[in-house]
Structure formats: structure tokens, C-alpha cells
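Have a look at the structure below, then the notes.
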Amino acid sequence: MEIKVFFFGILGDIAKTGFKHYRNITSFHDLEHRIEDDYPEFVHYTYRIAVNNEITDEKPDLKDGDQVALMPPFSGG
Amino acid sequence: MEIKVFFFGILGDIAKTGFKHYRNITSFHDLEHRIEDDYPEFVHYTYRIAVNNEITDEKPDLKDGDQVALMPPFSGG
Amino acid sequence: MSENILIEGPVSQAVILNGLDGFNQYPDAGGISIFIGKVRNDVVSGKYVQAIEYSAYEALVIKEAEKIFSSVKEEFPEVKLIKVFHSVGIVNAGEISMAAIVAAIHRDQAMQACKKIVELVKVKLPIWKKEIYTDLTYMWKQDNLA
Amino acid sequence: MSENILIEGPVSQAVILNGLDGFNQYPDAGGISIFIGKVRNDVVSGKYVQAIEYSAYEALVIKEAEKIFSSVKEEFPEVKLIKVFHSVGIVNAGEISMAAIVAAIHRDQAMQACKKIVELVKVKLPIWKKEIYTDLTYMWKQDNLA
């Protein structure tokens with residue numbers, strides 16, 4: 001399946017892009033590995049996950065076309 | 001001595017005036033009696049005293065020309 | 001700083017905005033807390049509040065307000081600026097009768113100090129209010145305790 | 001109610017004033033509490049803050065803001081209206097980056113709810129800030145804890 005991943009805050013700086021398409025993804029676990037391969041620096045950061053504008057604290061089941069957001073700790077205000 | 005007395009809030013309504021001059025006053029005690037004679041209804045109300053724009057919780061010593069204010073409980077806001 | 005506390009009639013948004021302008025001189029003040037009090041269209045014993053008429057002992061308001069500002073600044077040392085506006089005369093239901101604006105370095109002290117200012121305005125400033133009902137009867141309110 | 005939370009650039013006084021206009025439809029709301037947050041000209045490790053650049057996950061901001069508003073209205077049943085404005089993009093030191101406006105029947109709930117709103121905005125809304133210093137270096141801030 002194809003997943004669009006958004007990088008917010010400092011993660012976007014590191015990735016040098018706000019989003020990236022990942023193709024032939026088999027699971028969330030697989031997606032994590034692909035992202036880590038692309039951006040090994042991410043392991044130094046904590047972030048939460050949202051899938052299709054829904055924050056999730058679990059490893060989500062993904063389906064084709066899902067949008068995944070990686071969100072560092074919020075710092076609005 | 002002559003004392004100018006200000007009536008605030010509901011006391012001004014009762015006195016039907018915002019202030020009144022009292023002449024030949026000998027003491028604060030004397031002034032109180034003169035005011036009570038004029039406005040017997042005042043005994044039903046609590047009020048604080050200010051002399052020359054200074055709130056006092058004691059019976060003040062008055063001097064000629066002093067301005068005395070009778071102030072019901074404040075209700076601003 | 002305590003000039004122009006008393007405003008004839010309702011406190012307008014323009015007065016509050018002008019008041020806010022003074023806060024630009026404090027670039028280290030990150031939080032501004034504002035309280036706006038309006039006359040509610042309350043129902044009191046079956047009568048509808050149409051307006052409140054405020055009266056004040058003006059000279060003493062100025063003096064007591066200065067004391068309030070000093071004591072709040074002492075309690076909240078992060079506070080940079082305080083402004084208070086309060087109506088005298090008629091304020092109709094729905095109109096603004098008071099505004100307090102407090103700027104402080106951080107939001108906690110701004111909010112706490114604003115709350116304290118409003119409480120003190122109600123109990124320390126020699127201001128009186130008369131509720132005027134739609135049937136044109138009225139009642140003096142004596143509900144703020146020092 | 002949650003439209004127009006995110007404002008491009010600094011939050012202007014005009015935006016806040018327009019926000020306040022909506023409050024006129026609640027004549028039973030006697031208290032309005034406003035919090036305005038500004039970018040401080042802080043000194044961080046010897047560098048001066050020139051601006052903050054905010055970025056946001058817009059769709060999720062709208063959604064989470066609605067949850068915040070619901071939970072605050074549930075906790076403070078006197079609350080009649082809540083508005084929140086938050087900048088995205090560059091906000092210079094001295095400029096406004098957020099505003100929260102809460103109207104309630106009495107002042108206590110207006111003030112408490114406003115405080116709660118501001119706390120929740122900081123920890124619940126997916127917004128990120130980058131401090132930009134006068135030497136044009138920058139640092140991502142990660143200081144709000146949920």
C-alpha cells in the first residue's frame with residue numbers, strides 16, 4: 001500500500017520536506033523501518049502519531065492511502 | 001466649625017441631596033446627632049466615614065472646613 | 001497611571017483598545033489578561049434589569065486605585081502595567097461597565113493579578129450601583145463585602 | 001465556532017475586536033475574560049529572540065480545538081462562548097501570537113475557563129514553534145508537556 005507521511009516541527013527540518021510518499025508498505029512496523037532508514041536522526045526525537053487526522057497512541061493498522069503524521073511535542077502559545 | 005457632609009449611594013437618595021453644610025459643629029459626635037436629626041432613616045443603614053478623602057474607621061477629630069463623606073458598602077463592578 | 005479610571009457611561013471598546021496601546025512599551029511582558037464586566041439582563045424578583053446607574057466618590061476612587069495597583073504589583077512582581085476603567089452614570093444591559101487589563105512577564109501572574117484587581121475594585125473602590133428595571137423602578141445594590 | 005483559529009502572521013487587535021463582536025449576542029454573559037499572549041524579547045543563552053515561527057497541523061488543530069471547547073464548556077457550564085486565535089508563520093517580538101476570549105454568566109467561570117483554555121491550547125493543539133534570534137540562528141522549542 002501507499003502511505004503519505006507528514007513531518008512536523010523539527011522533524012520536517014531534518015527531513016527537509018513536509019511530507020513524503022512511501023510505496024509498497026506492508027505494515028506500520030514496515031513504515032517505521034523505512035522512515036528510520038531515510039532519517040536515522042529521528043531516533044533521537046520523541047513524537048506522537050496521527051493517522052488521517054486522528055491521534056493514536058497505538059501502532060495503527062494501516063490501509064492504502066492512509067496519511068500518517070509524525071508530531072514532536074506541541075509547543076503552541 | 002463648619003463641615004461639609006457628602007451623602008453617597010442610597011444615603012444621597014434618602015437625603016435628596018449629594019451634600020449639605022453643617023454649621024456650628026462642636027465635634028464628630030455632635031455632627032452625627034445633627035445628621036441623625038435631619039435623616040432619622042440613616043440609622044437603618046451601615047456606612048463608613050471618610051474625612052478629606054481619607055477613609056477612617058475611628059471617630060475622627062474634626063476641624064473647621066473638613067469634608068466628611070458617608071459611604072454605604074461599595075458595589076462597583 | 002490611575003488617571004481616567006472613571007468613564008462617563010459605558011466603557012467602549014475604543015477605550016479598552018486605547019488602554020491596550022500603552023502595553024506596547026513592555027516587550028518583556030508576554031501575557032496580558034483582560035477582564036471585561038458587562039451589565040447582565042438579569043431578572044430580579046420578576047423585574048428585568050434595563051440598566052445600572054453607577055455613582056462614585058471620584059477623588060477617593062483615584063486614591064484607592066493607586067493603593068490597589070501598588071499592593072497588586074507588590075504581590076505579583078512580574079506585573080508591568082495595570083489599567084482599570086469603570087463606568088459612572090447609566091450603563092444599559094449588554095454594555096460594558098468595567099475593564100481591567102494587566103500585563104506581566106508570564107501568563108500566570110497576568111491572570112492572577114487581573115483576578116485580584118477585579119476583586120479589589122469591587123470591594124475597595126467607593127462606587128455604588130443602582131439597578132434600574134424595565135418598569136423604571138430601581139434598587140440600590142449593596143452586595144460587595146470588604 | 002472553531003473556524004479561523006489559525007491566523008497567518010501576528011494576531012491583530014482587529015481580529016480580537018471582531019472576535020469580541022460575537023459576544024454581544026449573549027446578554028446574560030456578564031463576564032468576559034481575555035488572554036493575549038505576545039512573543040517576548042527574551043534572551044536565550046546570550047541570543048536575543050527576534051521572532052517566533054509557528055507551524056501547525058491545521059486539520060488536527062481544528063478538530064482538537066473543538067474537543068477542548070467541549071470539555072471546557074462541560075467543566076464550566078456558565079460558559080457561553082469561546083474563541084481562540086493562534087498565529088502560524090512569523091510573529092516578531094512584541095507581537096501577539098495568541099488570544100483566547102471566554103464569556104460566562106459570572107466572572108469566576110469566565111476567568112477559570114479562560115485559564116483552562118490557554119493551558120489546553122498549549123498542550124493539546126498540534127502547533128510547533130521555532131525561536132529565531134537576531135543573529136538569524138534558530139531553535140525549536142519543545143517545552144509544552146501534555
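To find a chain, count down the sequence lines: A is the first, B the second, and so on, and within it residues start at 1. Owing to the predicted nature of the structure, the values given are computational and were not obtained by experimental measurement. Only this structure's heavy atoms are used, side chains among them; waters, hydrogens and symmetry mates stay out.
- Remark: A:F74 CZ to D:K124 NZ distance equals 9.0 Å, nearest 0.5 Å.
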Donor-acceptor pairs are to be reported for all side-chain atoms of residues 9-23 of chain A against protein atoms at under 3.5 Å, with residues two or more places apart or in another chain.
residue, atom, partner, partner atom, Å
A:D13, OD2, D:Y138, OH, 2.6
A:D13, OD2, D:W140, NE1, 3.0
A:T17, OG1, A:F19, N, 3.3
A:T17, OG1, A:F19, O, 2.9
A:K20, NZ, A:D38, OD2, 2.8
A:H21, ND1, A:E2, OE2, 3.2
A:Y22, OH, A:D38, OD2, 2.6
A:R23, NE, A:E2, OE1, 3.4

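- Nearest heavy-atom pair across A:G77 and D:K129 is O-NZ, 3.3 Å.
- Within a 6.0 Å radius of CD in D:E58, other residues, nucleotides and ligands contribute 12 heavy atoms or fewer.
- Looking at D:K67, only its side chain comes within 4.5 Å of chain A, counting heavy atoms on both sides.
- With a 6.0 Å radius and a threshold of 12 heavy atoms from other residues, nucleotides or ligands, A:D64 has its CG atom above the threshold.
- Distance NZ/D:K130 to OG/A:S75: 11.5 Å, rounded to 0.5 Å.
- In terms of heavy-atom proximity, D:W128 sits nearest to A:M71 at CZ2-CB, 3.5 Å.
- Residues of residues 86-108 of chain D that come closer than 4.5 Å to chain A, counting heavy atoms only, are D:H86, D:S97, D:M98, ordered by residue number.
- With D:K63 contributing its side chain and A:N53 its backbone, the two residues share a donor-acceptor pair below 3.5 Å.
- Atom NZ of A:K59 sits in a sparse spot, with 12 or fewer heavy atoms from other residues, nucleotides or ligands closer than 6.0 Å.
- Interface residue D:Y54: only side-chain heavy atoms are found under 4.5 Å from chain A.
- Atom CZ of A:F8 is separated from atom CG of D:L60 by 8.0 Å, given to the nearest 0.5 angstrom.
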